[in-house]
> 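One structure, pasted below without further comment.
Remember, it's 1-based here, ligands and their atoms both numbered in the order they're listed.
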Amino acid sequence: MRRINVFANKTPLSVETERLLKCKLENSGFVVPKEFDSEAELIICIGGDGAFLKTLHEYDFPDIPFIGINTGHLGFFQELNPDGLDEFIFRYKKGKYGIQPLKTVRAIVSVGNEKFEHKGLNEIVIKGNHSHSIHLNMSIGDSFIERFSGDGILVATPAGSTAYNYALGGSIVDPRLELLQITPIAPMNTTAYRSFTSSVLLPPNLSVKINPEEFINTGVLISQDGMEKRYGQVSEIFIEFSDSVVKLLRFENYDFWNKVKSKFL
Ligand code: NAP
């Protein structure tokens, strides 16, 4: 039997859409498991981008295609609206769709002898704890680049370029390009501190190494797609593309730049 996982957030429209969708899928011969099924052929997320990101993290970036149904949010990742369920099932059964592969970013955080991994589809953000400014020595590849001082540093994937990165003045990147974008968050530029004030773009084979300044290290906050974790004494944060690729199901008329226009202009 063909199985499809369905997840929804708790808004009334999402709950109603979930109920309707489950009925329609079952009437069309699909099984909707009660719990996450790692052998399912598709994951449908009902809600906004936030609901999609939450599901992605909860099930640790599964290798199953996703499609989103937008129930009144920005819905940049979402492909469908609640009034398009019948057409979706019709087109899906006919195989009239493509897969958009999205690269993810990972950070390895070293604390003493321990290492912690964080992964993001949108971005990894490094900030100081409790609104303190943060001082970070940053290297790109083997070259030391700068001693950053400010609120923090964001490393965005192309998929995440339209999210927090864009709000910070970063560039929108077509996800067919493979690059990481480092965007400063409120960098200080004074006679005391000098930091890049614009985003810099890196090819996929270059990594970023960040060492928080030892003597003024009051703790580090790491955020992966908005999910935060706080650390005490961090010696190093290593950031690069991760091997996980998120697969989004897109219909034939999907066009990244039309989506950008419809959501931002
Ligand atoms: P959230 O409330 O879940 O999301 C904030 C907004 O960002 C929502 O409108 C969300 O869309 C939208 N969004 C998420 N991913 C996007 C993408 N790839 N392209 C365009 N818009 C996108 O906030 P959160 O839980 O703190 O963090 C989730 C994400 O929100 C983070 O990964 C971060 O990129 C973004 N964020 C943005 C800002 C900002 O713009 N100043 C600040 C913090 C976080 P939906 O309405 O469809 O959920």
> Give the numbers and elements of all ligand 1 atoms closer than 4.0 Å to a heavy atom of H73.
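Those atoms are 45 (P), 46 (O), 47 (O).
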
> Look only at the side chain of S195 and the backbone of S149, and say whether a donor-acceptor pair between them is shorter than 3.5 Å.
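Between the backbone of S149 and the side chain of S195 there is a qualifying donor-acceptor contact (under 3.5 Å).
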
> Yes or no, since that's all I need: does a protein heavy atom fall within a distance strictly under 4.0 Å of atom 8 (C) of ligand 1?
no

> At under 4.0 Å between heavy atoms, is it the side chain or the backbone of M227 that contacts ligand 1, or both, or neither?
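For M227, no heavy atom sits under 4.0 Å from ligand 1.
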
> So, are E41 and R3 salt-bridged, with charged N and O less than 4.0 Å apart?
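Salt bridge flag = no for R3 with E41.
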
> If you measure from each non-hydrogen atom of A51 to ligand 1, which part falls under 4.0 Å: side chain, backbone, both or neither?
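Contact part for A51 vs ligand 1: neither.
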
> Need the ligand 1 atom indices (1-based, order shown) with element for anything under 4.0 Å from a heavy-atom of A167.
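Near A167, meaning under 4.0 Å from one of its heavy atoms, ligand 1 has 39 (C), 40 (O), 41 (N).
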
> Using a strict cut-off of 4.0 Å, indicate which atoms of ligand 1 neighbour a heavy atom of G48.
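Here the atoms of ligand 1 in question are 47 (O), 48 (O).
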
> Has E87 got more than 12 heavy atoms of other residues, nucleotides or ligands less than 6.0 Å from its CD?
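Atom CD in E87 is not crowded, with 12 or fewer foreign heavy atoms closer than 6.0 Å.
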
> Nearest protein heavy atom to atom 11 (O) of ligand 1, by residue and atom, and its distance?
D49 OD2, 3.1 Å

> Starting from atom 29 (C) of ligand 1, which protein heavy atom do you reach first, and at what distance in Å?
N122 ND2, 4.0 Å

> Any N/O of G75 closer than 3.5 Å to an N/O of ligand 1?
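Checking ligand 1 against G75, an N or O pair does fall under 3.5 Å apart.
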
> Please check if the side chain of S110 supplies one atom and the backbone of S235 the other of a donor-acceptor pair under 3.5 Å.
no

> L56 and L42: same hydrophobic cluster, using ILVMFWY side-chain contacts below 4.5 Å?
no

> Determine if the distance from atom 15 (N) of ligand 1 to the closest protein heavy atom is below 4.0 Å.
yes

> Should the heavy atoms of other residues, nucleotides or ligands under 6.0 Å from NZ of K54 be counted, would the total exceed 12?
no

> Do A159 and ligand 1 have an N or O pair less than 3.5 Å apart?
yes

> For the residue pair F116 and Y231, categorise the inter-ring angle as parallel (less than 30°), tilted (30 to 60°) or perpendicular (more than 60°).
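Tilted: the ring planes of F116 and Y231 meet at 30° to 60°.
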
> Report the member of Y164, F52, Y166 with the shortest heavy-atom distance to atom 35 (C) of ligand 1.
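It is Y164 that holds the nearest heavy atom.
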
> Just to verify, which of T183, V173, N122 counts as forming a side-chain contact (heavy atoms from CB on, under 4.5 Å) with S161?
V173

> Looking at atom 34 (O) of ligand 1, what's its closest protein heavy atom, distance included?
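Looking at atom 34 (O) of ligand 1, the protein heavy atom closest to it is E123 OE1, 2.5 Å.
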
> Looking only at heavy atoms, is any part of L74 under 4.0 Å from ligand 1, and if so is it the side chain, the backbone, or both, or is it neither?
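Both parts.
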
> Which one holds for A163 and ligand 1: side chain close, backbone close, both close, or neither close, with close meaning a heavy atom under 4.0 Å?
both

> How about F196: does its CZ atom have over 12 heavy atoms from other parts shown lying under 6.0 Å from it?
no

> When I46 is tested against each of L21, T55, N9 for side-chain contact (heavy atoms from CB on, under 4.5 Å), which residue passes?
L21

> Check the orientation of Y97 and F251. Use parallel for under 30°, tilted for 30 to 60°, and perpendicular for over 60°.
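Y97 vs F251 ring planes: perpendicular.
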
> Applying a 4.0 Å heavy-atom criterion (strictly less than), which segment of F76 is in contact with ligand 1: side chain, backbone, both, or neither?
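It is the side chain that gets close, since no backbone atom is under 4.0 Å.
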
> Please report whether ligand 1 has a polar contact with T162, defined as an N or O pair separated by less than 3.5 Å (distance criterion only).
yes

> Is atom 1 (P) of ligand 1 close to the protein, meaning a heavy atom under 4.0 Å from it?
no

> Below 4.0 angstrom, N of the basic side chain to O of the carboxylate: do K24 and E26 qualify?
no

> In ligand 1, which numbered atoms sit nearer than 4.0 Å to a non-hydrogen atom of G50?
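Answer for ligand 1: 3 (O), 48 (O).
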
> Would you mind checking which non-hydrogen protein atom is closest to atom 26 (O) of ligand 1, with the distance to 0.1 Å?
G226 CA, 4.1 Å

> Is the closest heavy-atom distance from F77 to ligand 1 below 4.0 Å?
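Checking ligand 1 against F77, which is what was asked, there is a heavy-atom contact under 4.0 Å.
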
